[in-house]
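Side chains are part of it too, since the values below use all heavy atoms of this structure and drop only hydrogens, waters and symmetry mates. The shown structure was predicted, so the numbers you read here are calculated from the model rather than taken from an experiment.
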Amino acid sequence: MSAKVTSTTVRADFNDSVAVVHYARAAHFLGLWSSEKVLLERWFPGLDCPLLEAGCGAGRVAVGLAELGYRRITAFDFAAELVEQARDLVQARGAVGVDVYEADATRAADSRELLKNAPYAGLIFSFNGLMQIPGRENRRAAMNQLRRLLQPGAPFLFTTHDRDISPAERASWRLEARRWKRGEQDPRLVEFGDRYFEEEEVGRTFMHLPDRAEILEDLAATGWRHEWDGLRRTVAKESRAVRDFSDECRFWVARA
């Protein structure tokens with residue numbers, strides 16, 4: 001029987017050379033999405049405020065923040081190879097005020113590096129990174145840990161996929177629910193809503209796809225106050241390059 005996906009599995013997948021090249025390419029050539037720029041400028045107006053980015057990958061958002069004028073950015077990821085890519089990008093772009101560390105979101109409040117600039121005035125967990133933590137209890141642990149690093153009322157911007165995003169998606173998940181009921185789901189998956197797949201140019205990817213009610217429950221259970229959510233297409237029109245890189249997603253904003 002195949003072993004369940006764990007954080008160790010996901011870390012190894014992100015440290016794999018195929019994934020590293022994929023995310024490094026996006027960091028160098030894609031930059032911030034138009035929707036990300038709109039929401040960052042709406043919810044994070046203080047350019048001198050200390051910001052925390054979780055799951056920074058190869059530095060796409062952290063460097064993008066610096067290029068928008070934010071000057072106090074602490075970014076971290078739990079994949080050492082991606083952390084090195086992010087540091088290289090920061091140096092290559094001359095991104096002032098960006099520090100990148102290796103840390104685990106589920107234990108973020110115990111990280112000496114992340115505590116140095118706490119409490120933060122805002123938190124970003126971009127590109128569905130929160131949903132790449134296997135197990136709902138672990139995602140909630142990360143949400144709890146990260147909230148402890150923020151100032152009261154600080155905004156938290158993150159994204160998820162959405163199982164209810166279209167009729168086709170809903171039909172697909174009805175079929176998946178029947179597989180789970182029969183015990184015929186992929187044995188590597190931890191819970192309903194999980195997907196684990198492989199793409200030639202991306203590598204292996206674990207992703208949990210929630211519905212909206214699940215995220216609202218998780219926010220409430222971990223002490224966050226829901227402020228706003230909306231689909232990416234309602235925020236800004238993205239380039240073809242962004243749409244090729246990432247499927248439609250739902251943005252969320254909550255307050256600590």
Side-chain angles (χ1 to χ4, degrees), residues 5-16 19-20 22-27 30-33 36 39-40 44 51-66 70 73-87 89-90 98-111 113-114 117-118 120 122-136 138-150 154-161 194 202-210 215 218 222 224 245-247 249-254:
V5 175
T6 66
S7 60
T8 301
T9 312
V10 176
R11 181 183 288 108
D13 290 343
F14 277 120
N15 278 323
D16 182 79
V20 170
H22 173 71
Y23 290 108
R25 184 182 296 118
L30 195 60
L32 288 174
W33 306 345
E36 290 172 331
L39 296 175
L40 287 166
F44 298 77
L51 300 182
L52 179 64
E53 188 199 356
C56 69
R60 181 182 67 84
V61 171
V63 170
L65 286 166
Y70 294 93
I73 304 153
T74 300
F76 74 93
D77 201 282
F78 77 156
E81 295 295 332
L82 289 178
V83 168
E84 288 305 310
Q85 291 292 324
R87 288 172 176 164
L89 183 64
V90 167
V98 180
D99 295 314
V100 184
Y101 300 105
E102 184 179 344
D104 187 330
T106 64
R107 297 189 293 274
D110 297 324
S111 168
E113 289 86 359
L114 302 185
N117 294 317
Y120 297 92
L123 167 67
I124 303 104
F125 210 147
S126 63
F127 197 42
N128 308 319
L130 181 61
M131 295 298 107
Q132 293 185 284
I133 300 174
R136 192 176 191 182
N138 295 321
R139 292 190 292 276
R140 287 188 173 188
M143 295 168 79
N144 267 317
Q145 288 276 307
L146 292 166
R147 183 175 51 79
R148 290 169 55 190
L149 293 171
L150 301 188
F156 173 24
L157 174 65
F158 65 103
T159 66
T160 68
H161 283 301
D194 291 353
V202 181
R204 293 179 299 273
T205 301
F206 171 84
M207 182 73 67
H208 179 74
L209 283 73
I215 298 301
D218 288 348
T222 53
W224 293 93
F245 178 70
S246 167
D247 294 336
C249 61
R250 180 176 293 276
F251 279 99
W252 295 86
V253 177

Considering non-hydrogen atoms only, spot the tightest contact between Leu65 and Leu32 and give its length. N-CD1, 4.1 Å

Would you call the rings of Phe245 and Phe127 parallel, tilted or perpendicular if under 30° counts as parallel and over 60° as perpendicular? parallel

Taking every non-hydrogen atom, the tightest pair across Ile73 and Ala62: CD1-O, 3.8 Å

Leu114 side chain near Thr74 side chain, heavy-atom distance below 4.5 Å: yes

Can you tell me how far CG of Leu82 sits from CG of Asn15, rounded to the nearest 0.5 angstrom? 6.5 Å

Return the CG to CZ distance between Leu209 and Arg250, rounded to the nearest 0.5 Å. 12.5 Å

Could you walk me through whether Leu51 and Tyr70 pass side-chain contact (heavy atoms from CB on, under 4.5 Å), step by step? CA-CA 8 Å; Leu51 300 182; Tyr70 294 93; 3.5 Å; yes

State, yes or no, whether a side-chain contact exists between Ile133 and Thr106 at a heavy-atom distance under 4.5 Å. yes

Do Trp224 and Leu150 have side chains that approach each other closer than 4.5 Å (heavy atoms only, starting at C-beta)? yes

Does the side chain of Ser111 reach to within under 4.5 Å of the side chain of Phe76, using non-hydrogen atoms? no

Distance col, row Asp77:CG vs Asp104:CG, nearest 0.5 angstrom, shows 9.5 Å

With Phe14, which residues qualify under ring pair (Phe, Tyr, Trp, His ring centres under 6.0 Å), at least two apart? Tyr23

Measure the CZ-CG distance between Arg148 and Asp110 for me, rounded to the nearest 0.5 Å. 6.0 Å

Shortest non-hydrogen separation from Leu146 to Ala108 and the atoms involved: CD2-CB, 3.8 Å

Separation of Asp194 CG from Gln132 CD (nearest 0.5 Å): 11.5 Å

Residues in ring pair (Phe, Tyr, Trp, His ring centres under 6.0 Å) with His161, at least two apart? none

Can you check whether Gly31's main-chain N or O pairs, donor with acceptor, with Arg60's side chain at less than 3.5 Å? yes

If I compare all heavy atoms of Ala86 with all of Cys56, which pair ends up nearest, and what's the gap? CB-SG, 4.5 Å

When rounded to the nearest 0.5 angstrom, what distance separates CZ in Phe158 from CD1 in Ile215? 5.5 Å

Between Ser126 and Glu53, which heavy-atom pair has the shortest distance, and what is it? OG-OE2, 3.6 Å

Do the side chains of Leu130 and Thr160 get nearer than 4.5 Å, heavy atoms only? no

Go through the structure and list residues passing side chain to side chain donor-acceptor pair (under 3.5 Å) with Arg136, not counting sequence neighbours. Glu217, Asp218

Is Leu89 close to Val100 at the side-chain level, that is, under 4.5 Å between some pair of heavy atoms? no

Nearest heavy-atom contact between Ala105 and Gln145 is O-CB, 3.6 Å

With no hydrogens and no angle check, just 3.5 Å: does a side-chain donor-acceptor pair link Thr159 and Asn128? yes

